Amino acid sequence: MLRDITIGQYYPADSIIHRLDPRVKLFFVFIYVLSLFMFGNLVSYCLATILLVVAIYYAKIPVKFLIRGFKPIFVLLIFTTFMKLFITDGTVWFKLWKFTITKEGVIDVIHILVRILYLIIASSLLTYTTTPTRLTDALEQVFKPLNKLKVPVHELTMMMSIALRFIPILVEETDKIMKAQSSRCMNFSSGNILKRIKNLVPILIPLFVAALRRADDLALAMESRCYQGGEGRTKMRILKYKRQDFFVYILLAIYFVFSLIIHLLL
Amino acid sequence: MSIILDKISCKYETDMINEHYALKCITAKIEDGEFIGVIGHTGSGKSTLMQILNGLVVPSGGSVYYNGEDIHEKNYNLYKLRSEVGMVFQYPEHQLFETTVFRDVCFGPKNLGWSKKEIELSAFEALFQMGIESELYYQSPFDLSGGQKRRVAIAGVLAMKPKVLILDEPAVGLDPMGKRNILDKIAEIKAERNCTVILVSHSMDDIADYVNRVWVLDDGKLIIDASVKEVFSHKRDLEEIGLAVPQITSIMHMLKDKGLVVNTNVTTIDEAKMEILRKLR
Amino acid sequence: MIKAENIVYEYIRRDEEGNVEGIDRVLDGISLDVQTGEFIAVIGHNGSGKSTFARNLNRLLTPTEGSLWIDGLNSDDMENTWKIRQSTGMVFQNPDNQIISSVVEEDVGFGPENMGVPTDDIWKRVEDALNAVDMIKYRSYSPNKLSGGQKQRVAIAGVLAMHPKCIILDEATAMLDPQGRLETLQTVKALNKMEKITIILITQDMEEVIYADKVFVMDHGKITMSGTPREIFTNEEALKECQLDLPQALKLANELRKEGIDITEGLLTAEELVDAICQLY
């Protein structure tokens, strides 16, 4: 069950999108999400859809894989849509038993669905096509100016890349602990809320202990390999823009300006 | 009383898209009181098979019968199965969580809804059999040494009074004495409780020293299911799939290759000694 | 390469309020001398202090008393920290917890990056190191997709890329299966032979000791025995006292000797035992 979570993972493939400079992809997702929330009209949604489909196509990510990533948030998504659908006031379209469905409600829901779905697809496309190290390199580069404001950019990005490395390991660990406790006849799904929360203890404590042990080991390993923070450190990969990167920037600019114009005209 | 595996197969996903079979059509029968060793290199499907016996993994094909009942029938009580087929995972000490050793060992029995007296009696017995000193009962399990933690964790499974005990590499990572200690304890418990034991191990020497019957797994298939002697007489077959015979057996083979006509069907030091003495005297 | 004179390491136990509860002497007067290019094994049971000793060699810890020189550098001097850590690389027990990056080659580059090596140079070092451990094929893999032995080889490459003079393996094989163990040991042996890198192999597995030039046996923070593997293995009783065990082949040799068979003393491997028996025949 836990293995189904694919968000934040890297999907190894050799595609144009994979080879893009991570900073480009980062900006792309940023501008793209911005545009989704700024311009809420049919034409801009169409444009956004085209852009997304093209990106998915070139990224060579199987659609099956992409969809599986949604599974965990699917329930949440349905829940919010339903809530929104039934509680929004406005022109009544039709009544279903005790619930009224309004025109505004339906429109709102469409907005939410499109935005959230596209946001998730776009950002998971980013992580699918960019290794965590490349991503953190990009973040470090982009936020470098904040160093002057005494923000520990390197440390933060290092933390992030370590978190990304250990997420799959800890997921597996959780799976193993859950199995071990179920083989000791633990019942996860009975009782009231309080009981269920209490039921988490036999899972959470071993998990915390394991995470701490790993953190301890990792700190030692990093120290023994001369890690001493960002200072005096060189980089294995220096980010350098290439032709295709500028091309994508231009494409992105055209998309944004075009959407903006349509938004202003409508 | 028996476990029957009927054409068990199990699908497994490696990288989200591709599927392959972790287990392929495994058929076997486990009788009461057997001591079975399971060998196979990493990724041969040992762990998956063990979890199927315990009802933790549902096979994609075939059925498992415990005492004649299909464990994947709708109304089958999996809790009862898990209490009777106890499973000790690799590095079981990683599942400890309670404030004291004793409470941790009580966790399993408590889940079974036994009376307080029964629970405590069973926990005491399990801790005693695993050789945990009574001064440690009320200490935090996290303060114990590695070997002690391991024994406490095994006691936690024993306390449920399992009729079948599955152990996935119970000695891995311990020092030589710790290893011997744990395996000896398991053999003692097997004799005292007269239960069935299934031992997964990478050490052919341990398999040779302790078990009666061996399963050899390779690429999800059960390729050999026979007595220790029989299994280790297939030296070449084992080497082909990346396994070895016990060191003692391979010494006998080397002697034979040098022209000394010895019986190579020997797995323990005592047997080897007798055989060599017979030859030399 | 390494010179230790009477080093003591004390670990101060504190209670929850931070008051001193007791002092554990983990290392108790260790003196030894390791020459450049030697292959050293340090054995001892769990809790004998061998890991603490290893951490002192890497300046992850510093001795409470006594003096320790590593590659001519005094470990007492804070200034030497990074030089010492660069010249003595360390490989730890759990393969998962020492790989920092999500891509193999980036992990190997982590050390050189920290040392401030110029970018082009890092790539060369990474390639050389991955070639030396025969892992170049896996350069763009995620560590999660590798076997235990492969992960340890990546960890060794990560150390190699820092161009160390000495590699310390702190029970680096304890969690591996036989295949992974063999891979790791062969890699280390080759590095010792070809690149003349000093190896300090900390282990509890007696079979691994065979490869060493010199063995130190530790017990209760002291070095109780030292010498070549042959010398160490002749004294079964003393090893037993340190809670250690002989390899199977040598146990058999001792058993035969007890029966009055005249087998030469100071054997090391199964092959030697076979030859000795054949000579008698």
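These numbers come from the heavy atoms of this one structure, side chains and all, not from hydrogens, waters or symmetry mates. Because the structure is a prediction, the values reported are computed rather than measured. In what follows, chains carry the letters A, B, and so on, assigned in the order in which the sequence lines appear, proteins first and then strands, with residues in each chain numbered from 1.
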Trainee: Do C:Arg85 and A:Glu223 touch side chain to side chain, with heavy atoms closer than 4.5 Å?
Mentor: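 A side-chain contact exists here, since the closest heavy-atom pair is under 4.5 Å.
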Trainee: Contact between C:Pro143 and A:Arg165 at the side-chain level, heavy atoms closer than 4.5 Å - yes or no?
Mentor: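 Touching, per the 4.5 Å side-chain cut-off.
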Trainee: Does CG belonging to A:Leu149 count more than 12 external heavy atoms closer than 6.0 Å?
Mentor: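 Enclosed.
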Trainee: Which heavy-atom pair separates C:Phe110 from A:Tyr227 by the least distance, and what is that distance?
Mentor: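 Closest approach of C:Phe110 to A:Tyr227: CZ-CD1, 3.6 Å.
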Trainee: Taking atom CZ as the centre, does A:Arg243 end up with more than 12 heavy-atom neighbours from other residues, nucleotides or ligands that are less than 6.0 angstrom away?
Mentor: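 Not buried by this count: 12 neighbours or fewer within 6.0 Å.
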Trainee: Examine whether an atom of A:Ile169 lies under 4.5 Å from a heavy atom of chain C, and if so say whether it belongs to the side chain, the backbone or both; otherwise answer neither.
Mentor: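 Only the side chain of A:Ile169 comes within 4.5 Å of chain C.
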Trainee: Start with the C-alpha distance between C:Ile100 and A:Met222, add both sets of side-chain angles, then the distance that settles side-chain contact (heavy atoms from CB on, under 4.5 Å), and finish with yes or no.
Mentor: CA-CA 8 Å; C:Ile100 291 122; A:Met222 286 171 77; 3.6 Å; yes
Trainee: Please classify the contact of C:Asp107 with chain A as side chain, backbone, both or neither, using a heavy-atom distance under 4.5 Å.
Mentor: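 Looking at C:Asp107, backbone and side chain both touch chain A.
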Trainee: Nearest heavy-atom pair of A:Arg214 and C:Asp96: which atoms, and what distance?
Mentor: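 Shortest heavy-atom contact: NH1-CB, 3.7 Å.
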Trainee: Evaluate the criterion side-chain contact (heavy atoms from CB on, under 4.5 Å) for residue pair A:Arg233 and C:Val117; output intermediate values, then yes/no.
Mentor: CA-CA 8 Å; A:Arg233 204 164 182 270; C:Val117 175; over 6 Å; no
Trainee: Under a 4.5 Å cut-off applied to non-hydrogen side-chain atoms, are A:Leu220 and C:Met90 in contact?
Mentor: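 They are not in contact (no side-chain heavy atoms under 4.5 Å apart), so the answer is no.
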Trainee: Out of curiosity, A:Ser224 OG to C:Leu57 CG, how far, rounded to the nearest 0.5 Å?
Mentor: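 Reported value, rounded in 0.5 Å steps: 12.0 Å.
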Trainee: Side chains of A:Arg213 and C:Asn94: any donor to acceptor distance under 3.5 Å?
Mentor: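 On atom types as modelled, these side chains do not qualify, holding no pair under 3.5 Å.
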Trainee: For the candidates C:Asp120, C:Val103, C:Ile122, C:Val159, which exhibits the highest count of non-hydrogen atom pairs separated by less than 4.5 Å from chain A?
Mentor: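 Heavy-atom pair counts peak at C:Ile122.
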Trainee: Answer yes or no: are there more than 12 heavy-atom neighbours, outside A:Tyr241 itself, under 6.0 Å from its atom OH?
Mentor: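 Yes, enclosed.
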Trainee: Do A:Met236 and C:Val126 come within less than 4.5 Å of each other through their side chains, counting heavy atoms only?
Mentor: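 Side-chain contact under 4.5 Å: yes.
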Trainee: Report yes or no: does C:Thr119 contribute a side-chain atom to a donor-acceptor pair with the main-chain N or O of A:Lys235 at less than 3.5 Å?
Mentor: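 Checked: pair present.
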Trainee: Hey, which of C:Gly89, C:Gly111, C:Ser101, C:Ala161 has the most heavy atom pairs under 4.5 Å with chain A?
Mentor: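 When all of C:Gly89, C:Gly111, C:Ser101, C:Ala161 are compared, C:Ser101 has the most.
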Trainee: Considering only heavy atoms, which portion of C:Ile99 lies under 4.5 Å from any heavy atom of chain A: side chain, backbone, both, or neither?
Mentor: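 Both backbone and side chain.
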Trainee: Heavy-atom count around C:Tyr141 OH within 6.0 Å, excluding the residue itself: above 12?
Mentor: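 Not more than 12 within 6.0 Å, no.
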Trainee: Can you tell me which portion of C:Glu105 sits under 4.5 Å from chain A's heavy atoms? Options are side chain, backbone, both or neither.
Mentor: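 For C:Glu105, backbone and side chain are both near chain A.
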Trainee: Using a 4.5 angstrom heavy-atom cutoff, name the option from A:Ala221, A:Cys226, A:Gly232 with the most pairs to chain C.
Mentor: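 Of the candidates given, the most pairs with chain C belong to A:Cys226.
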Trainee: Do you know which of C:Glu113, C:Glu106, C:Met115, C:Arg59 has the most heavy-atom pairs with chain A at a distance under 4.5 angstrom?
Mentor: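 If we count pairs closer than 4.5 Å to chain A, C:Glu113 comes out on top.
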Trainee: C:Trp82 versus chain A, heavy atoms under 4.5 Å apart: side chain, backbone, both or neither?
Mentor: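 Both parts, heavy atoms under 4.5 Å.
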Trainee: Return yes when atom NZ of C:Lys189 has more than 12 non-hydrogen atoms of other residues, nucleotides or ligands closer than 6.0 Å, and no otherwise.
Mentor: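 Check passes, neighbour count above 12.
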